[in-house]
Amino acid sequence: MSTKIKRFILPENEIPTAWYNIVADMKNKPLPMLNPTTKQPLKVEELYPLFAEELAGQELNQTDRYIEIPEEVRDMYKYYRSTPLVRAYGLEKALDTPAHIYFKNESVSPVGSHKLNSALAQAYYCKKEGTTNITTETGAGQWGAALSYAAKVFGLELAVYMVKISYEQKPYRRSIMQTFGAQVIASPSMSTHAGRKILTEHPNYQGSLGTAISEAVELAMQTPDCKYTLGSVLNHVFLHQTVIGLEAEKQMEMAGEYPDMVIACFGGGSNFSGLSFPFLRHKLTEGKNVRIIAAEPSSCPKLTRGIFEYDFGDEAGYTPLIPMFTLGHTFSPAHIHAGGLRYHGAGTIVSQLMKDNLMEAVDINQLDSFNAGILFAQTEGIIPAPESCHAIAATINEALKAKEEGTQKTILFNLSGHGLIDMTAYDAFLAGDLSNYELSNEEIAKTVNSLEKIMQ
Ligand SMILES: *Cc1c(COP(=O)(O)O)cnc(C)c1O
């Protein structure tokens with residue numbers, strides 16, 4: 001085969017027909033989520049007021065390895081899937097590395113990121129069960145944009161609570177959501193108890209994902225025929241995203257290679273899980289030797305510096321208690337431009353995998369991430385999302401290590417999205433206005449120590 005094939009695409013009939021549920025293959029299952037009042041393991045019915053029943057079922061499913069993708073969702077996937085697997089010859093050449101670098105290009109989805117893979121699924125199940133309205137929160141706006149489109153496709157009304165600082169600094173993502181027909185509210189807002197409480201205490205609060213989640217959950221709980229949706233962290237979101245890795249698995253076969261390393265950036269873990277779980281399955285079931293690496297920002301390092309404890313998914317403490325690596329639900333990351341990586345916790349599945357040493361995590365500082373993104377843009381012609389830049393930086397580090405050691409490694413990373421709507425972040429970097437933020441142990445201790453210790 002020519003070594004110069006650059007893009008690998010699957011024919012339509014090879015797009016996966018089922019998602020992969022890694023929990024079925026995990027020897028140590030994730031610990032159960034707890035009801036915050038009784039501290040008893042959460043029952044599936046307790047999730048019904050919040051989520052579509054089918055999604056609640058997927059959330060707690062520990063037995064089915066594969067879950068069929070509904071035909072209506074698969075039909076929508078066909079608009080942009082398979083996404084290309086691309087050999088990054090340009091980047092390899094610039095690094096002068098013997099490593100073979102591949103990336104899975106999720107930036108080609110209509111909304112520019114992997115988020116649509118789960119948005120379509122969630123909107124579909126809500127509609128199927130008779131829901132008319134859905135709510136969600138969004139930080140950088142990628143999830144909100146994806147869900148706005150998905151809501152329109154399946155005929156749902158959507159209210160998005162958008163972190164206030166992003167609402168003001170990222171007007172284009174707000175316009176995108178509004179173009180798709182969603183209602184966008186800056187959070188904290190006066191429309192919920194959670195929002196009013198925070199605004200009373202801190203009138204100038206710029207918002208956080210945690211607060212926005214509290215507001216969206218509250219609205220869903222109080223409105224009939226209204227469900228809440230979340231774009232990351234939860235098991236069912238990871239499940240939907242495995243379509244990425246299942247495709248990549250076949251595409252790597254087309255390329256005649258198997259990755260030594262699979263790398264993705266890490267916010268709440270959805271694009272990381274989506275690409276890596278199908279490869280991790282070879283490690284779990286066949287003992288295959290593949291390194292799985294999460295790249296998180298130094299300024300929000302839950303996997304590398306957080307603790308493993310029960311914590312809330314939101315700031316106000318409305319969600320179930322989730323067993324996970326966390327910096328504490330009141331942790332508010334310093335201003336970083338990778339808005340999608342600001343979440344405080346890592347979710348149950350990834351946290352268990354981390355605990356069992358089945359994966360690794362590295363932290364990447366802000367300047368290294370942008371330098372990596374710019375090299376990638378100049379060599380591959382795609383401007384990566386600031387989040388994705390973290391995966392690229394981790395990939396470059398490994399490719400340079402391979403060069404030093406003189407070993408040929410095959411690296412696969414996820415290009416989770418493009419950065420064309422994040423040019424203000426690039427502008428700030430190019431103007432020299434960005435810096436690294438070194439988070440002190442004291443700062444982490446503050447929010448971590450305030451957690452109730454539930455694990456013995
Ligand atoms: C939301 C987002 C992320 C971070 O979320 P994960 O759930 O960790 O994947 C990363 N990249 C892009 C482009 C995003 O939109």
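Just so it is clear, the model here is predicted, and its values are computed rather than measured. In each ligand, atom 1 is the first atom listed, and ligand 1 is the first ligand listed.
In terms of N/O distances under 3.5 Å, ligand 1 is approached by G269. Considering backbone and side-chain atoms together, C265 places no N or O closer than 3.5 Å to any N or O of ligand 1. Residue S388 places no N or O, backbone or side chain, under 3.5 Å from any N or O of ligand 1. At least one N/O-N/O distance between S270 and ligand 1 falls below 3.5 Å. The N/O atoms of G267, backbone and side chain alike, include one that comes under 3.5 Å of an N/O atom in ligand 1.
In the vicinity of H114, heavy-atom distances shorter than 4.0 Å reach the ligand 1 atoms 2 (C), 3 (C), 9 (O), 12 (C), 14 (C). Close approach to G417 involves these atoms of ligand 1, each under 4.0 Å from a residue heavy atom: 13 (C).
Side-chain atoms of H390 and E296 form no donor-acceptor pair, as typed in the model, at a separation below 3.5 Å. Side-chain contact annotation: D64 with N21, donor-acceptor N/O pair under 3.5 Å absent. Between the side chains of N117 and Y80, at least one donor N or O sits under 3.5 Å from an acceptor N or O. With hydrogens and angles left out, the side-chain atoms of D311 and T326 include a donor and acceptor closer than 3.5 Å.
Nearest-residue assignment for atom 7 (O) of ligand 1 (options S118, S273, S232; heavy-atom criterion): S232. Summarising the contacts of atom 2 (C) of ligand 1 with K115, E387, E106, Q142, the nearest heavy atom is found in K115. Ranked by closest heavy atom to atom 11 (N) of ligand 1, the top entry among S113, S416, C389 is S416. Here atom 9 (O) of ligand 1 lies nearest to N271 when heavy atoms of L230, V233, N271 are compared.
Ring geometry, Y149 versus F180: the interplanar angle falls from 30° to 60°, so the pair is classed tilted.
Contact detail for T83 and K104: the closest heavy-atom pair is O-NZ, 2.8 Å.
Partner of I392 under the side chain to side chain contact (heavy atoms under 4.5 Å, CB included) criterion, out of L375, L415, N414: L415 alone.
Looking at F266 against ligand 1, only its backbone comes within 4.0 Å, counting heavy atoms.
The backbone N or O of L50 lies less than 3.5 Å from no partner atom in the side chain of K227, so there is not a single donor-acceptor pair.
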Could you list the donor-acceptor pairs under 3.5 angstrom formed by side chains in residues 151-166, with sequence neighbours left out?
unit_1, atom_1, unit_2, atom_2, d
Y161, OH, S191, OG, 3.1
S166, OG, G139, O, 2.8

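Atom 4 (C) of ligand 1 has G340 O, 3.3 Å as its closest protein atom, hydrogens excluded (heavy atom only).
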